[in-house]
Amino acid sequence: MRMLILGSPGAGKGTQSARLLAKYDVEVIVGGNVLRDEVSRATPIGLKAKEVMTRGELMPDSIMMELMSQKVVGMGGRHFLLDGFPRTLGQAEGLDRVLGEVGKGLTLVANLDVPEEVILGRVLDRWVHMPSGRTYNLSYNPPKEAGQDDITGEPLSKRPDDNVETFAARLQSYHAQTEPLREYFDSRSSSTRGKGGGLTFVNLEGRTSDEIWPKLERAVRRRYPWLQAKA
Ligand code: AMP
């Protein structure tokens, strides 16, 4: 399983990855978390990332490739799920190149297609348990105790980029730089359709994560029929 979840900010990529992670023996590599880790350690890349993220822009492709290539190639034969990387055509081509070199190209790309009018509300209501990445939403997925992570009881926080101003910029970056990846992966999947081992692209529409989840699971089971759910 070498899978990518695509979608606009607030489309629920993190929620869907967490559900896949809970259900199947896969590892997840999250572009935003790799950057947030650099920020919390105040590395030179982290200092730059902090500024870029606050502006709702994207980090340069060269830095993302430097951070992500080794992690992805290092997966070897293990099942993995990518969330938030690649986010530009340059990154997608870079990723295809490094995975192609080891003969382990992506096999499933799922695009979460959520109407724009519902996502801003979601992002404004989103609270996160930073150490684990677990997310909560005050309207439809609140924590059991206000302000606390359900599993550890530790405090929840707001992501500094989950505010109206930054969100508008993130959405703009998404439309300009990330949305073209749908077409990129869709066209690559058609060229290998029917050949068994190639890339499958699916577009999954829905207004909520609960609506999209069964569609995602169906796509995963169809592409990886041998995948066993955890006990
Ligand atoms: P996310 O947690 O996926 O919403 O990412 C938060 C922010 O990190 C984004 O708004 C970007 O500023 C930055 N970021 C995350 N992934 C990437 C990527 N693949 N390329 C460039 N910037 C990224």
Side-chain angles (χ1 to χ4, degrees), residues 3-18 20-21 28-73 80-99 106 109-112 114 116 119-137 156-182 184-185 209:
M3 178 175 171
L4 162 66
I5 297 199
L6 279 178
S8 72
K13 298 185 293 294
T15 301
Q16 303 295 348
S17 325
L20 287 172
L21 211 61
V28 64
I29 305 177
V30 184
N33 288 355
V34 172
L35 290 175
R36 280 182 284 273
D37 178 55
E38 296 282 330
V39 172
S40 70
R41 290 188 291 118
T43 63
I45 289 181
L47 296 178
K48 181 175 176 63
K50 190 172 178 182
E51 278 180 32
V52 168
M53 289 162 93
T54 307
R55 290 199 301 265
E57 294 170 4
L58 295 181
M59 287 292 276
D61 288 350
S62 54
I63 296 183
M64 290 313 294
M65 291 312 299
E66 188 186 319
L67 286 175
M68 305 298 289
S69 296
Q70 272 311 99
K71 287 193 196 299
V72 178
V73 171
F80 68 80
L81 177 62
L82 292 174
D83 160 1
F85 172 84
R87 243 177 164 107
T88 66
L89 284 173
Q91 293 174 18
E93 287 162 0
L95 176 68
D96 276 349
R97 197 170 47 248
V98 294
L99 287 179
L106 292 179
V109 175
N111 183 62
L112 311 184
V114 179
E116 212 152 279
I119 58 183
L120 174 63
R122 282 195 191 181
V123 163
L124 297 183
D125 274 353
R126 169 158 73 183
W127 286 77
V128 188
H129 176 240
M130 289 292 179
S132 69
R134 274 186 287 280
T135 59
Y136 298 86
N137 188 286
L156 302 177
S157 36
K158 278 303 282 174
R159 273 175 51 164
D161 56 346
D162 277 351
N163 59 68
V164 177
E165 297 75 27
T166 307
F167 185 74
R170 287 163 68 200
L171 211 50
Q172 205 171 4
S173 308
Y174 168 75
H175 286 307
Q177 292 169 275
T178 310
E179 213 171 14
L181 294 190
R182 288 170 63 162
Y184 174 84
F185 286 115
S209 291

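Just so you know, ligand 1 is whichever comes first in the structure, and atom 1 is the first atom listed for that ligand.
- Looking at atom 11 (C) of ligand 1, its nearest protein heavy atom turns out to be E57 O, 3.3 Å.
- Closest approach of L171 and S8 over heavy atoms only: CD1-CB, 4.4 Å.
- Other residues, nucleotides and ligands place more than 12 heavy atoms under 6.0 Å from the CZ atom of R55.
- Residue contacts with ligand 1, taken as heavy atom pairs separated by less than 4.0 Å, involve L58 via backbone and side-chain atoms alike.
- Between N111 and F185 the shortest side-chain heavy-atom distance does not fall below 4.5 Å.
- Proximity to R170 (heavy-atom distance under 4.0 Å) selects the following atoms of ligand 1: 4 (O), 10 (O).
- Atoms of ligand 1 found under 4.0 Å from any heavy atom of R36 (numbered from 1 in listed order, with element): 2 (O), 6 (C).
- Contacts with ligand 1 closer than 4.0 Å are made by no heavy atom of D61, backbone or side chain.
- Going from atom OG1 of T135 over to atom CG of D125 covers 12.0 Å, rounded to the nearest 0.5 Å.
- In this structure, atom 20 (N) of ligand 1 lies nearest to the protein heavy atom Q91 NE2, 2.9 Å.
- Closest protein heavy atom to atom 21 (C) of ligand 1: M59 N, 3.2 Å.
- The shortest N or O to N or O distance between G84 and ligand 1 is below 3.5 Å.
- Among protein heavy atoms, atom 15 (C) of ligand 1 sits closest to R87 NH1, 3.2 Å.
- Residue L35 has at least one heavy-atom neighbour below 4.0 Å for each of these atoms of ligand 1: 8 (O), 13 (C), 14 (N), 15 (C), 23 (C).
- Of the N and O atoms on the side chains of T43 and E38, at least one donor lies less than 3.5 Å from an acceptor on the other residue.
- The closest approach between a heavy atom of R159 and any atom of ligand 1 is below 4.0 Å.
- The atoms of ligand 1 that sit less than 4.0 Å from any heavy atom of D161 are 6 (C).
- Within the 4.0 Å heavy-atom criterion, both parts of M53, backbone and side chain, lie near ligand 1.
- Between D161 atom CG and K50 atom NZ the span is 12.0 Å, to the nearest 0.5 Å.
- A salt bridge does not link D162 with R122: every distance from a Lys NZ or Arg NE/NH1/NH2 to an Asp or Glu carboxylate oxygen is 4.0 Å or more.
- At most 12 non-hydrogen atoms from other residues, nucleotides or ligands lie less than 6.0 angstrom from CD of Q172.
- Heavy atoms only, all atoms of each residue included: F85 and G31 are closest at CB-CA, 4.3 Å.
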